[in-house]
There are 2 protein chains.
Amino acid sequence: MTIDRRSALKARHRRAILDAAGALIAEGGRFSVDQLAERADVSRRTVFNHFASIDDVVTTVCTEMLHVVIDGFRTTVTSGERESMFTDVAGALRVTDVPGIVAYLWRALGGFAPGNPQAAQIFHATVARTCEEMALELARKYPEADPLDAAILVSSLMNGTVAVATHWIAVTATQLDERSRELWHSLLERMIETVRKGY
Amino acid sequence: MTIDRRSALKARHRRAILDAAGALIAEGGRFSVDQLAERADVSRRTVFNHFASIDDVVTTVCTEMLHVVIDGFRTTVTSGERESMFTDVAGALRVTDVPGIVAYLWRALGGFAPGNPQAAQIFHATVARTCEEMALELARKYPEADPLDAAILVSSLMNGTVAVATHWIAVTATQLDERSRELWHSLLERMIETVRKGY
DNA sequence: TGCACGTAGTGCAACGATGCACTTAGTGTA
DNA sequence: TACACTAAGTGCATCGTTGCACTACGTGCA
């Protein structure tokens, strides 16, 4: 087989951009495209060749981080005995530090754009997708269960997250609080609907 | 100032190719362009975009290694008091492990192409240039001295090299012995002539 | 001798990365 | 309000990288 080095170059740069964004986000400061490009050792234009916008970059980074959570959850759920949804979720909590990862993500994002609604939206959208995937995983294993139960269980799995998020909101971006509540409500509704349709 | 990322990309790939070649040479095996390209994580074609030939790559790697020797020698000679060429050469031997570096280079090159006259030629040509630069450095500091003395001193500085080279030749590539002797003779003549002309 | 095969090296067209000039939009300031 | 300034994002020409097909040459083998 032949390795496609043309794709390899693209992939390398894409990775470099994401890694740089992850580092910059973790450092807690806002950052510009120029900073991102410099950190990734690519040109500013290349960033826009790979991603539609800065938010696209950040969303991708967050999604990647939460995929760790999803993968861990999926492994726990699929490898465990069929007992009850509760034991699966409890097991996932023991194996993966879900609230820890998501809290880290949230704090980092808070630093990324304090007072910027974009940060909260990116966070909630990413976490929402993560929750949906986890709820779907549960529903696959327990098809006879009520989708509402799965959604609520996953929601409580993410509880630590919400607490941290709310805390951050209270401390640094009070004006987001109301919007945050709305987003979490709509998230729960979307989860139930998603599980019901089973994609 | 603006960083030229176009050049940066080129430089990065050039470095990757040289590093890969250095590693492959050090590992002691022969290697093809394909191996080199794969190791450097660039396409085969890019190797030829940067270097005219495989020998060009190897020569560059060797030259870079010997620049360590040259730089160390130059520092010792220029920073030391003007006393005698002999003390300078002795000082350089104390500071830099000249025979060690060159012997390593030779063993590595021997592995690169056992039975291949190219290896010996690359080695001798590279070392010859190194010797010339060192002899020139000596002649600059002691312009009244006989170029022959400078050449012979540098030659003796490289003595460990010759010994190792001769040993390797005897063991693994006897057929190169005669050619090696010729090369070293012509090297000495060229050194003297070079110093005499002072470039 | 003829032939398959591996490897060095080249020519070329397509694709990816880059520099630069440009528009757009938000923000602070006189 | 007007204006300077900063940063996001776009269009385009150019340069660097890559895949692929090709030639040339040495080597082993029937």
Side-chain angles (χ1 to χ4, degrees), chain A residues 1-21 24-25 29-61 111-119 121-122 173 175, chain B residues 1-21 24-25 29-61 109 111-122 173 175:
Chain A
M1 90 177 191
T2 310
I3 300 171
D4 187 348
R5 300 236 147 268
R6 196 167 283 163
S7 310
L9 186 61
K10 278 194 79 167
R12 210 155 51 233
H13 283 172
R14 183 189 157 86
R15 195 89 294 278
I17 292 167
L18 289 176
D19 288 346
L24 285 169
I25 289 175
R30 314 188 68 146
F31 62 88
S32 64
V33 183
D34 292 285
Q35 287 174 277
L36 179 59
E38 187 185 347
R39 186 72 158 254
D41 207 18
V42 299
S43 79
R44 166 193 168 75
R45 198 64 186 76
T46 301
V47 174
F48 288 107
N49 284 346
H50 282 275
F51 300 93
S53 64
I54 279 243
D55 286 352
D56 187 17
V57 177
V58 176
T59 304
T60 306
V61 170
F112 162 62
N116 180 358
Q118 293 304 97
Q121 267 179 291
I122 290 175
Q175 73 277 13
Chain B
M1 89 177 191
T2 312
I3 300 171
D4 187 347
R5 302 234 148 270
R6 199 167 283 166
S7 310
L9 185 62
K10 279 195 77 168
R12 209 154 51 233
H13 283 170
R14 182 187 156 86
R15 194 91 293 279
I17 293 168
L18 289 176
D19 288 347
L24 285 169
I25 289 175
R30 314 187 66 147
F31 63 88
S32 64
V33 183
D34 294 283
Q35 287 174 277
L36 179 59
E38 187 185 347
R39 186 72 159 255
D41 207 18
V42 299
S43 80
R44 168 192 166 75
R45 197 64 185 77
T46 301
V47 174
F48 288 107
N49 285 346
H50 282 275
F51 300 93
S53 66
I54 280 243
D55 287 352
D56 186 17
V57 177
V58 176
T59 304
T60 306
V61 170
L109 264 180
F112 163 62
N116 180 359
Q118 293 305 96
Q121 266 179 290
I122 290 176
Q175 73 277 13

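Throughout, a chain's letter reflects where its sequence line sits, starting with A, and its residues are numbered from 1. If you're wondering where the values come from, they're calculated on a predicted model, not measured in any experiment.
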Respond yes when some side-chain nitrogen or oxygen of A:H50 is under 4.0 Å from OP1 or OP2 of C:dA17, and no when none is.
yes

The reported gap from CG in B:L36 to CZ in B:R44 (rounded to nearest 0.5 angstrom) is 10.5 Å

Whole-Å distance, B:D56 CG to C:dG9 P, equals 10 Å

Within a strict 4.5 Å, meaning less than it, do heavy atoms of the B:H13 and B:L9 side chains meet?
yes

Measure the CG-CZ distance between A:D41 and B:R12 for me, rounded to the nearest 0.5 Å.
4.0 Å

Phosphate-side-chain proximity, B:T46 and D:dT17, N/O vs OP1/OP2 below 4.0 Å
no

Rounded to whole Å, the CD-P distance (A:E38 to D:dA7) equals 13 Å

From the options C:dT10, D:dT17, C:dG19, select the nucleotide whose nearest atom is closest to the side chain of B:L9.
D:dT17

A:R44 CZ to D:dG9 C1', straight-line distance once rounded to whole Å
7 Å

Would you mind reading off the distance between A:R45 atom CZ and C:dG16 atom C1', rounded to a whole angstrom?
12 Å

Taking the minimum atom-to-atom distance to the side chain of B:V42, which one of D:dT18, C:dT18, D:dT17 wins?
D:dT18

For a quick test of reading the model: is some side-chain N or O of A:H13 closer than 4.0 Å to OP1 or OP2 of C:dG16?
no

Let me confirm one number: the CZ-CG distance from B:R39 to B:L24, rounded to the nearest 0.5 Å.
4.5 Å

d(CG, A:D41; C1', C:dT18) in whole Å
13 Å

B:D34 atom CG is separated from C:dG9 atom P, nearest whole Å, by 12 Å

Could you state the CG-P distance from B:N49 to C:dT10, rounded to the nearest angstrom?
10 Å

If I take atom CZ in residue B:R12 and atom P in nucleotide D:dG16, what distance separates them, rounded to the nearest angstrom?
14 Å

